[in-house]
Amino acid sequence: MSWGKQDIKLKSAEQVDKMQASCEVLASVFLEARGLVRPGLTTAELDQAIEKLILDAGCIPSFKGYHGFPAAACISVNEEVVHGIPGPRQLRDGDIVGVDIGLIKDGWHADSAETMAVGTLSAEAERLLTVTRECLELGIESIAVGRHISAIGTAIETHARQAGFSVVESLVGHGIGRDLHEDPQVPNYRCFTMPDPIMEEGLVIAIEPMINAGTKRVVTARDDWTVVTADRSLSAHFEHTVAVTADGPRILTRRGAGVAAF
Ligand code: MG
Ligand code: MG
């Protein structure tokens, strides 16, 4: 098997600062979006609000038009894993809604996602959100110069399995910078079939575990975009854009300085 040549574009400290500026706008969009999510809101209304926030900040919504995707945000409800197309579906009390947003500021991409609660959740849905957030945090904590990328997926998979959940394998995280998707791929599980480069200072990656309450298997819906769990169990998704520094991980899409990553 040939893995092909890796084309990892390491960023200078100055470039990481520029990505931080882009990612800070995205973090603020998320904080606003959280305040909008409520029963009765349609996913199209949520998307329109998100697009306006991005444009008002002078940035470009990077998902719109990407391979023909029609919206600024991917909005995925309950058994939908990722890539949900916003539309007339109304959010209902007890839903979980995954919101994935990308934007470009001054040529630099930012990419982040979080799964939000609509009203009051079941205990199982609440636990899925908590564990998926923890998976992302543990993946980030495993970042260090000189370690293999696979340390991230190993940490994520170990935690998800301990909780009795499964990790989606067919979609993975990625390098990010001038392009939304750069090398390397960043699997969320212990993977033996992808390149496993060593993390170096200046590597910037989007880590994005997708954790299912049931089977890890997913299918694509008839709209050719929405990825759904094969057994229709709940799925959650959290994502941060993170820079590798000599001092460890720097979470560029952190929601506010000095507080928890989310
Ligand atoms: Mg994303
Ligand atoms: Mg991503």
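Start at 1 and go down the list; that is how both ligands and their atoms are numbered.
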Any donor-acceptor pair under 3.5 Å from Asp111 side chain to Thr241 backbone: no

Pair His181 and Tyr66, ring centroids less than 6.0 Å apart: yes

Number of protein N, O or S atoms [distance to the Mg ion (ligand 2) under 2.8 Å]: 4

Arg222/Asp224 salt bridge by N-O under 4.0 Å criterion: no

Heavy atoms from other residues, nucleotides or ligands near CZ of Arg92 exceed 12 (cutoff 6.0 Å): no

Arg161/Glu157 salt bridge by N-O under 4.0 Å criterion: yes

Carboxylate-amine/guanidinium proximity below 4.0 Å for Arg250 and Asp17: yes

